[in-house]
Amino acid sequence: MNSSLRIGKALFLAVAFLFTLSSVTRADDAASLYKTKCAVCHAPDGSGSTVMGKKLGAKDLRSDEIQKKKDADLNGVITNGMGKTMPAYKGKLTDDQIKQLVAFIRDLGKKK
Ligand code: HEC
């Protein structure tokens, strides 16, 4: 095999590998983001039944009240925060991550 072919093959494999990796982590990403950043207050199931969640008055993210809000509204709350206690994640999470979290909250709503 000549060297340019070998480089081509190596590049192809590297790209294929990265592509696989990124599509695998995407779904996991939102779940692990939620677990590390949000579950303290909102509880792993979205119920808000943690010590912090109860103290701060986090609503059940699975409830109709939250689920009937538009994606853009949920996106806005995560981006800009809400009230005195829900932190703003602007600059801390990317727009894409926030979008994935909104999708994750929709999934929580379906598991109710
Ligand atoms: C320090 C605790 C805390 C953390 C951490 C936190 N939240 Fe919240 N969140 C709250 C509280 C409390 C409210 C309700 C605020 C209110 O009603 O004034 C809220 C509200 C919300 C709402 C809007 C619900 C509604 O009433 O419209 C969404 C959506 C939300 N949080 C998502 C998230 C996501 C996603 C994360 C992680 C990136 C997160 N929160 C992290 C405490 C927290």
Side-chain angles (χ1 to χ4, degrees):
M1 206 198 288
N2 71 37
S3 67
S4 72
L5 249 181
R6 204 176 312 143
I7 291 168
K9 191 175 170 194
L11 261 179
F12 173 78
L13 287 175
V15 169
F17 175 73
L18 283 176
F19 186 76
T20 316
L21 203 68
S22 68
S23 56
V24 169
T25 44
R26 271 185 85 84
D28 277 355
D29 231 27
S32 64
L33 263 180
Y34 180 87
K35 208 154 85 187
T36 51
K37 308 247 178 215
C38 322
V40 201
C41 297
H42 289 286
D45 61 359
S47 63
S49 63
T50 61
V51 175
M52 277 287 263
K54 282 190 206 145
K55 199 162 126 188
L56 300 176
K59 291 176 192 150
D60 191 339
L61 294 177
R62 304 165 302 178
S63 66
D64 290 344
E65 187 193 343
I66 309 297
Q67 289 295 328
K68 75 174 187 234
K69 296 191 187 209
K70 297 195 184 75
D71 280 5
D73 296 332
L74 299 179
N75 210 300
V77 170
I78 302 169
T79 307
N80 301 315
M82 184 179 179
K84 292 195 181 73
T85 42
M86 167 65 198
Y89 286 92
K90 192 181 191 147
K92 293 182 200 148
L93 296 173
T94 64
D95 291 350
D96 194 49
Q97 286 175 315
I98 293 175
K99 223 188 278 174
Q100 288 180 45
L101 282 168
V102 171
F104 185 79
I105 291 172
R106 296 291 181 211
D107 280 347
L108 287 177
K110 285 179 206 140
K111 283 177 199 147
K112 182 168 55 157

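Nothing here was measured: the structure is a model prediction, and the numbers come from that model. Whatever order the structure lists ligands and atoms in, that order sets their numbers, starting from 1.
Classification of Asp71 and Lys99 as a salt-bridged pair fails, no side-chain N sitting under 4.0 Å from a carboxylate O.
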Check against side chain to side chain donor-acceptor pair (under 3.5 Å), Asp45 and Ser47: CA-CA 6 Å; Asp45 61 359; Ser47 63; 2.7 Å; yes

Check against side-chain contact (heavy atoms from CB on, under 4.5 Å), Cys41 and Leu56: CA-CA 8 Å; Cys41 297; Leu56 300 176; 4.0 Å; yes

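Taking atom 8 (Fe) of ligand 1 as the apex, the angle formed with SD of Met86 and NE2 of His42 is 180°, to the nearest 10 degrees.
The contact set between ligand 1 and Ile66, taken as ligand atoms under 4.0 Å from a residue heavy atom, comprises 24 (C), 25 (C), 26 (O), 27 (O).
Contact annotation for Glu65 and ligand 1: no heavy atom of the residue comes within less than 4.0 Å of the ligand. Contacts between Phe104 and ligand 1 below 4.0 angstrom, taking non-hydrogen atoms only, are absent altogether. Residue contacts with ligand 1 for Leu101 involve side-chain atoms from C-beta outward but no N, CA, C or O (heavy atoms, distance under 4.0 Å).
Under the 4.5 Å side-chain heavy-atom criterion for grouping Ile, Leu, Val, Met, Phe, Trp and Tyr, Val77 is connected to Tyr34 within one hydrophobic cluster.
Polar contact check, Thr85 against ligand 1: no nitrogen or oxygen pair lies under 3.5 Å apart.
Distance CG/Leu61 to CZ/Phe104: 10.0 Å, rounded to 0.5 Å. From Leu33, atom CG reaches atom OH of Tyr89 across 10.0 Å, with rounding to the nearest 0.5 Å. Interatomic distance, Arg62 CZ to Ile105 CD1, rounded to the nearest 0.5 Å: 12.5 Å.
Using a 4.0 Å cutoff on heavy atoms, Val40 does not count as a contact of ligand 1.
What sits closest to atom 34 (C) of ligand 1 on the protein, heavy atoms only, is Cys38 SG, 3.4 Å. The protein heavy-atom contact nearest to atom 3 (C) of ligand 1 is Cys41 SG, 2.6 Å.
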